[in-house]
Each structure stands twice: as structure tokens, then as C-alpha cells.
Amino acid sequence: MNIEKYLADAVRQSLQTLYGVTPSEEQLQIAKTKREFDGDFTLVVFPLLKISKKKPEDTAHEIGEHLQKSVETVDSYNVIKGFLNISFSPAFWCNMLNTAAQTPNFGFAKPESSATVKMVEFSSPNTNKPLHLGHIRNNLLGYSISRVLEANGHKVLKVNLVNDRGIHICKSMIAWQRFGNGETPASSGKKGDHLVGDYYVIFDREYKKQIEELKSKGLSEDEAKAQAPLMIEAQEMLRKWEAKDPEVYQLWSTMNGWVYDGFDVTYKALGIEFDKIYHESETYLLGKKIVAEGLDKGVFHKKENGSVWCDLLADGLDEKLLLRADGTSVYMTQDLGTAVQRFSEYHLDDHIYVVGNEQEYHFQVLRLILSKLGYDWSNHLYHLSYGMVQLPEGKMKSREGTVVDADDLVDEMKATAREMSQELGKLDELTEQEANDIVNMVGLGALKYFILKVDPKKNMTFNPKESIDFNGNTGPFIQYTHARIQSVLRKAADAGIEVPTTVDKVDIGEKERELIKMLHMFPSVVQQAGEQLSPALAANFAYELVKEYNQFYHDYTIIKESNELVRGLRLVLSREVANVIRQAMWLLGIDVPSRM
RNA sequence: GGUCCGGUAGCUCAGUUGGAUAGAGCAUCAGCCUUCUAAGCUGAGGGUCAUAGGUUCGAAUCCUAUCCGGAUCACCA
């Protein structure tokens, strides 16, 4: 039950009785009462003055009085200026705790048989370099939002479109051929994606040398770039690849294989998996048919040199190229093709692309072109556009070596977690296996929470020198609270104290009331996170809940409480808070330990 | 130049469809472990919510303009 809705209905009834008028949706403003005032929920009466035709305070008193008399669960009220603060009875809150405790997967919508199917595309790495911090944000967001949508009762398909072809891949290949001396992951012990990435950097370095050399012979910058032998070789290799030259294909699949082995390790470390992996080498020709279709319909036009365009000037955008003069396709062509294919193959309701905000224009155009072509699902494409991860010095640049490598970062986080745990003596009585599990959970939890707590659309700054915190508003703090609760529950069980199945009506304290209230906010947080495609909402909620619980934990005794009913309430409450913490963290892809 | 996004405490970030005296964490300072896990709790200091107008009972939130930062407008992806 949604408590605010319940109260809104009651208020509506009261207004009907008192003034004979039913207020509109926006006239009924109910919010959680602010901390500094007494009450559970607050009705803002200003918008109702037109109905009551009385002063704010008088209106508030009238409504409060009526609510108190007519609604059994309303205990008391107070009025401050135009705000009516309403308190529910302890019995009501005990009841609310019971419903939460008795609802399996409280806060998550039940998956319906008629559930809508949503495809989430994320990660989408290039196979010429290892993943870095920017990719981590993408992966964590994509994975988390998939879970959020599942929690909203949708069927979700997580897909990855690997960019495994193109000139940038050829650059690594050329560099390896020229300078690699047959190096393999097995021969040098390097992780495959890092090995290939190193050759991408080598290509860039050698290419720059050639450019300088040509420029010293009097060529212009542009001429030098175009005529450098390495670039010519790379382009030649791309042509051979497209012609499926066996030798080039062999090298290409070998080197990509190394990269995939490397990626697998990284994905596994991050706890990320997909339902389906697409490869651009298999999809890059898709969409040419769509282009032909668009030409027939007159939506696109062909220029003299044979290139095909879509004119979007009337929509406030530019002309968009869809096929080059030589008939080869561009990124947009492929995305048109894959979108059409996916919607027809999987009967998708929605398609969400987790892609950085630098591609907003691309997705705007994609939607627009699809709608011009008459695909009525075009407005079911969503771009979960997220901001850049910056270093204090600014943007990360792979070629300048200023990137924060994903594998390194994960390793560092785990190492820090281990150090910290040892310092605090948290690992003392555990087996090595248990200790490892906890350290991995905490290290990853810190990293994931750090990234996901920030609103996706905002740029974020990561300072490698100040390592990610483990105290305060952090993943470990939330994990710690969960472990703390589990410890209490264990101790209770050891003492032979049972956690009751239902809570009897009993007087409740301030913190208990507040916690139950917060638990009941969880379902709408899940819903909002889904609507806004923002895991950050779940993260912030988890933090608020945990902070509240720790105050409760500090101020109240649980196991040692002598009143059995009160003890029962606190145990049920604790267990339920732990459950909601676990659920909220699950949405973020973060595991919670039962001890740490 | 056009379009889009952002600007809140020294730093990193919250701030529901406009609501009460703008909140956390980090950092700084001062307290709390013989009591269920101190990765915790309590307190202090720290703000022209970029700026100027406007809308109204009420604006960090909505509108307009300006300033600053970022992204984008490729026969790149």
C-alpha cells in the first residue's frame, strides 16, 4: 500500500464532506514531514484555500480535526502556518511493518506474464584497447538499470554490441605485424586486451613519427597524415578485411580472441554478464536495405556522387549521411538496421541505449529517421545518456596514457579493502575463503557505489590520488550496516530468541517510526529509478535508510530489550531493513556481506 | 555561431510534480567503545544555491537574459 495515496484519499473524503468539493490532483500536496516538525506526513493547504475560502490556519485545523475524527489510523495533527502535519497511530505503523515483512521481495514489482520486453544495450567496447574508467561507468549503469527494470516487473534483455572491426582495429593489427615479434598473451604473460592495446599505442607513436618525417620534407599536416605509410597500410588492411582476405581474417580473429579473453576477465571481475553479444563484423552491413527502402519512400535522397542523405533541416537538424559515395555504410546505417532487426526479432517494447552524452545528437537523429520511415516504435528508443568521467586534470586520453585502467582500478580497490579490513581486525577469525569473499565484495562495493550514486547525466570527477572512501556515504558503509544487522540476528538466534512472524501492536519510538516510513518509500524509489533510468535514486535511498538505522542502532537496545513485544518489533524491523538494503544494493549490482 | 547538458559549503555530491530555517559525506575541530560490529554515533564551524530580472501566497526548483564549464553539429564511431 502506498501510504501517501492512502492519506490523499482520506483527505479527499474530508474535503468532500467539509466543503462539498473534490480537489484536483495538483491541489493535493502531501509530503513526508520535515525532520524538525512533529508528524508523519504534511498536507500543504495553500492550494486548498480556494476550496475552503478560509484562512490557511483555519483550513488546516478543520481538515485536521475531521481527519482525526473520521480516520481511525490518524492519531493527531498540528498546524504550523499553512502546513497540516498529520501523525498516524503506532498501531498503523506496526501494521505497515507487518505488510512490508510479509511481502516477498518487498519493493519489487511482481513479474507479470504480460511483462513488457526491454532491451538494454551497454558496454559496447572497441577491441583495440582495454576497458577504462569511462567504460566502467557505462557497464555499471547498464547492468544496474537492467536490474532496476527487472525490479519493475519488466523482462530485460542485456545486450552488448562489440565494435570489432574498422580502421582502429587494423591499426593494432598493423603495429603488431610490424613491431610485435610474434608476441602473444601466452608468450609475454600479458592480458590479451592490454597486449592489443599496447600495439594500438605503438601504432599511434610510430604514425606520429612518420608524419613528422614527412612534414620535414615539406608536406603539409594533412598531406603527411594521409601519406604516412602506416596509415596507408592500415587502410589497405581494412579493404582486405572487408574482402575477407584469409590471412588478414586469420590475424583479426586471433587478436580479437586475445581481447575477448581479456574482456571476459574484466567483466567477471565487475560481475557483469549479458544475454546476448552482437558483433559489428556481423551487423555492419545491416541497414543498407533500410536505406533503399527510404529512397523508395522518398524520405532519403541521393546526391550526384552517389552518397545517400536524409534531410533533417525542417526538424532543426542538419543533413545526415547514410551511405558513402562508395556505397559503404556508416554508424547510423548500422544502427538503423540493428534497431529494425531487434524490434522485429524480439518484439521489443522499449530499447535503451546506454551511451555517453557525446552521442546525444546521434540518437536524436536515429529516432527521427526511424519515425520518418514510419516505424511506430521509434519513440520507444531511449538514450540513457551519461556524463563523462573526468580526472582532476580534465579528460582521460588513452593515447596519452592518462586513462585509469579498469583492471588496475578493480585490483586497487580490492587491495585497499584488504588493507583496511586487516587494520580494523575484521578478518581475524575468518577462513581465507571468507576473507577473500568479503574483501572482494567491499572493494567492488566501494567502486560501484562511488560511480552509481552520482546522477547519470552529470559529469563526474575521479581523483586517483585520493582513493575512493570507505567511510561516510559509501558502499562499504551500507554493506557494513547490513553485516551489523545480520550479526544482531545471529546473536538473537544464538540466545534462542525468535524473530516473530508478525509484530503486535506496541508503542513505537521516533526512530522506529521513521524507519518504517522509509521502508515504505522503497517501492516508489524503485519505480522512480525505472522511470528516470537513474540507479542513483536507489543508491541515495540506501544511504538514507542506513544512516537512519545506525542512529536507531545507537540509541536503542534490541536483543537486551526486556519488553518482549518491543524486542520483537525491533528484530522484525532490523531484519526488514537488512532485506531492503540487500534489495536496494542488488539494484546497483552490489553484494552485501553478512559479516565484515 | 546553432542545439543540448551542467554551475548548490574548501572538495565530492543530494535536494521529489514549486512549499516550512537549503542537506549529507570527505576534510578541520571537540566528544562517545567493561554494553547487540566504532567501516559507527553526537556536536561545532563552513552557503550571495553563477549573476540580474520576471512569474506568485511561496523559487535552488518554472520563464527570460547574461557569465562560466562541458558535449555536439564529419563520406569518424
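Order of the sequence lines sets the chain letters (A, B, ...), proteins ahead of strands, with each chain counted from 1.
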Is the base of B:rA39 touched by the side chain of A:Thr481 through a donor-acceptor pair closer than 3.5 angstrom?
no

Would you kindly give the CG-to-P distance between A:Asn459 and B:rG6, to the nearest whole Å?
11 Å

Among B:rC36, B:rG15, B:rA14, the one nearest A:Leu537 by side-chain distance
B:rG15

Taking B:rC4 as the reference, what is the distance to B:rC11 when you measure between their C1' atoms (whole Å, please)?
28 Å

In terms of side-chain heavy atoms of A:Glu360, which of B:rA77, B:rC4, B:rA20 is nearest?
B:rC4

Pairwise C1' distance, B:rG69 and B:rC26 [rounded to whole Å]:
24 Å

Return the nearest nucleotide to the side chain of A:Phe477; candidates are B:rG19, B:rA77, B:rC41.
B:rC41

Would you tell me if any nitrogen or oxygen in the side chain of A:Lys457 comes within less than 4.0 Å of OP1 or OP2 on B:rA71?
no

Would A:Phe83 count as stacked on B:rA20 if the rule is ring centres under 5.5 Å and plane angle under 30°?
yes

Below the 4.0 Å mark, does B:rA20 have OP1 or OP2 next to a side-chain nitrogen or oxygen of A:Lys81?
no

Of all the nucleotides listed (B:rA39, B:rU72, B:rA24), which has the minimum atom distance to the side chain of A:Glu358?
B:rU72

Using OP1 and OP2 only, check whether a side-chain N or O of A:Arg490 sits under 4.0 Å from B:rC36.
no

Just N and O in the side chain of A:Gln551: are any of them under 4.0 Å from OP1 or OP2 of B:rU42?
yes

Side chains of A:Phe552 and A:Ser574: closer than 4.5 Å at any heavy-atom pair?
yes

Relative to the 5' end of RNA chain B, which residue comes earlier, A:Gly316 or A:Arg484, by the nucleotide with the nearest heavy atom?
A:Gly316

In which stems does RNA chain B show up, taking only runs of three or more Watson-Crick or G-U wobble pairs whose two distances fall under 3.5 Å?
B:1-7 with B:67-73, B:10-13 with B:23-26, B:28-32 with B:40-44, B:50-54 with B:62-66

Between A:Tyr284 and A:Trp241, what is the ring plane arrangement, given parallel below 30°, perpendicular above 60°, and tilted in between?
tilted

Side chains of A:Thr474 and A:Asp469: donor-acceptor distance under 3.5 Å anywhere?
no

Any donor-acceptor N or O pair under 3.5 Å, side chains A:His482, A:Gln486:
yes

What is the distance, to the nearest angstrom, from the CE atom on A:Met396 to the C1' atom on B:rG70?
15 Å

For A:Met596, which contact category applies under a 4.0 Å heavy-atom criterion: base, sugar-phosphate, or nothing?
base

So that I can tick it off, tell me whether A:Arg165 and A:Glu242 are bridged by a salt bridge, with the cut-off set at under 4.0 angstrom between side-chain N and carboxylate O.
yes

State which of B:rA24, B:rG40, B:rC26 makes the closest approach to the side chain of A:Asn550.
B:rG40

Compare side-chain N and O positions of A:Asn471 against OP1 and OP2 of B:rG40 and report whether any pair is under 4.0 Å apart.
yes

Residue whose closest nucleotide on RNA chain B lies nearer the 5' end, A:Lys320 versus A:Ile485:
A:Ile485

Charged tip of A:Arg570 within 45° of A:Tyr556 ring normal and under 6.0 Å:
no

Using only atom types and a distance under 3.5 Å, with no angle test, would you say the side chain of A:Asn138 pairs donor to acceptor with the backbone of A:Val354?
yes

Of all the nucleotides listed (B:rU37, B:rA77, B:rU12), which has the minimum atom distance to the side chain of A:Thr461?
B:rU12

A:Pro47 has a side chain; which of B:rG19, B:rA14, B:rU35 sits nearest to it?
B:rG19

Polar contact flag, side-chain donor to acceptor under 3.5 angstrom, A:Asp335-A:His362:
yes

base_contact_polar (B:rA20 base, A:Asn85 side chain, donor-acceptor, <3.5 Å):
yes

Per the glycosidic torsion and the 90° limit around 0, nucleotide B:rC73 is anti

Ring pair (Phe, Tyr, Trp, His ring centres under 6.0 Å) evaluation trace for A:Tyr480 with A:Phe477:
CA-CA 5 Å; A:Tyr480 169 77; A:Phe477 171 42; 7.2 Å; no

Mind running side-chain contact (heavy atoms from CB on, under 4.5 Å) on A:Leu565 and A:Leu569 for me, showing each step along the way?
CA-CA 6 Å; A:Leu565 291 180; A:Leu569 170 95; over 6 Å; no

Given B:rG7, B:rG25, B:rA71, which nucleotide is nearest the side-chain atoms of A:Asn357?
B:rA71

Does the structure show A:Tyr480 stacking with B:rG40, if we require the centres to be closer than 5.5 Å and the planes to be within less than 30 degrees of parallel?
no

So, A:Tyr553 and B:rG40: ring centres less than 5.5 Å apart, planes less than 30° off, yes or no?
no

Within the 4.0 Å heavy-atom criterion, would you say A:Phe450 contacts the bases, only the backbone, or no part of the nucleic acid?
nothing

Output the single nucleotide from B:rG19, B:rA20, B:rG40 whose closest atom is nearest the side chain of A:Phe46.
B:rG19

Rounded P spacing from B:rG53 to B:rU12 in Å
29 Å

Quick one: does A:Lys426 reach the base of B:rU37 with a side-chain donor-acceptor pair under 3.5 Å?
yes

Is A:Lys491 near enough to B:rU37 that one of its side-chain N or O atoms lies under 4.0 angstrom from OP1 or OP2?
yes

Indicate, yes or no, whether a donor-acceptor pair under 3.5 Å links the base of B:rA39 to the side chain of A:Thr474.
no

